Amino acid sequence: MKVSYLSLLGVLLIAAISQAKSPFIVGGQDAAIEQYPSLVQIEFYFPWLGVWDQQCGGNILTSYWLLTAAHCFNEWWYDPQNTRIRAGATYRHTDGSVHYVDFERNHPEYNKASRFDSDVSVFKLLTPLVYSPSIQPGTIVNQGFVIPDNYPVVHAGWGTLTSSGPSSHVLQDVTINTVNRAVCNSRYSNVNVVINENMICAGLLDVGGRDACQGDSGGPMYIGDVIVGIVSFGMGCADPVYPGVSAAVGSFTDWIVANAR
Ligand code: ARG
């Protein structure tokens with residue numbers, strides 16, 4: 001498994017690169033899976049509808065193990081036998097390599113200390129991924145990494161293009177900025193949600209218009225090529241008052257490395 005030791009210097013170098021990348025899910029732009037080869041679609045089968053539907057993103061750690069959000073595997077209808085991933089696909093529900101899920105390990109502290117706390121899960125496939133230019137293992141940030149405030153980060157996924165709108169057929173990406181945790185916590189205190197150190201807030205504060213959204217959950221927050229967050233929740237999407245919230249991978253790297261095996 002690839003763990004990156006992001007130093008502050010490294011972060012500053014990556015900042016220059018991220019800024020140069022086009023500034024741009026809500027408010028994003030079309031992307032190709034080759035740009036994010038560790039990102040996969042997670043599809044769930046709904047027996048009473050007879051359909052498979054992509055509702056989350058996942059991140060490849062090794063040929064058998066992936067990283068996502070615990071809330072993706074916590075719905076009443078969740079069953080690993082009705083869950084599969086689609087790797088190497090730019091378009092939702094289309095082409096790529098489909099692999100069925102063996103079992104998941106949701107973080108034992110998920111949703112305990114506070115709502116959505118420790119929203120992290122690792123899961124194993126029944127058949128191994130075959131790496132290619134569109135299917136590659138990702139790199140997660142080292143344990144204890146703390147992301148600076150007001151720092152550019154990227155989300156990618158097939159989630160909805162507006163808060164209650166349709167999902168995107170083509171992969172989207174968007175660049176936003178991290179928001180200071182105390183500021184974010186005071187915003188979310190209006191709706192009785194606690195933002196703790198296991199969470200990263202990001203958006204365009206007091207502006208809105210860009211964010212992850214429904215269906216992007218479990219997908220990545222990147223600094224450069226390094227996965228620093230997992231899309232978790234938000235009040236609506238791209239709201240000026242309420243930033244989007246991701247699980248902070250740096251709080252869970254040791255747990256991820258110990259459990260994705
Ligand atoms: N919980 C949503 C999902 O299951 C993700 C919400 C992210 N929301 C946001 N505003 N960033 O797909």
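A quick note: this is a predicted structure, and the numbers were derived from the prediction, not measured. When a ligand or atom number is given, it counts from 1 through the structure's own listing order. One-based numbering along the sequence shown.
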Shortest protein contact, atom 11 (N) of ligand 1 (heavy atom only): Asp211 OD1, 2.9 Å
For atom 5 (C) of ligand 1, find the nearest protein heavy atom and state the residue, atom name and distance (0.1 Å precision). Ser217 OG, 2.7 Å
Side chain or backbone, does [X] bring an N or O within less than 3.5 Å of an N or O on ligand 1?
| X | answer |
| --- | --- |
| Gly244 | no |
| Gly236 | yes |
| Gly215 | yes |

Aromatic centroids of [Y] and [X] separated by under 6.0 Å:
| X | Y | answer |
| --- | --- | --- |
| Trp48 | Phe46 | yes |
| Trp77 | Phe44 | yes |
| Trp158 | Tyr36 | no |

What part of [X], side chain from CB on, backbone N/CA/C/O, both or neither, has a heavy atom under 4.0 Å from ligand 1?
| X | value |
| --- | --- |
| Asp239 | neither |
| Met235 | neither |
| Cys213 | backbone |

Are any of the heavy atoms in [X] under 4.0 Å away from ligand 1?
| X | value |
| --- | --- |
| His71 | yes |
| Ser232 | yes |
| Gly159 | no |

Treating Ile, Leu, Val, Met, Phe, Trp and Tyr as nodes and any side-chain heavy-atom pair under 4.5 angstrom as an edge, say whether Met235 and Met221 lie in one connected cluster. no
Could you tell me whether Arg210 and Asp173 have a side-chain N and a carboxylate O separated by less than 4.0 Å? no
Hey, can you tell me if Tyr188 and Phe233 have their rings parallel, tilted or perpendicular (30° and 60° cut-offs)? perpendicular
Within this structure, what is the OG-CG distance for the pair Ser217 and Asp119, rounded to the nearest 0.5 Å? 7.0 Å
Test ring pair (Phe, Tyr, Trp, His ring centres under 6.0 Å) on Trp65 and Phe123 and set out the steps. CA-CA 6 Å; Trp65 285 93; Phe123 65 100; 8.2 Å; no
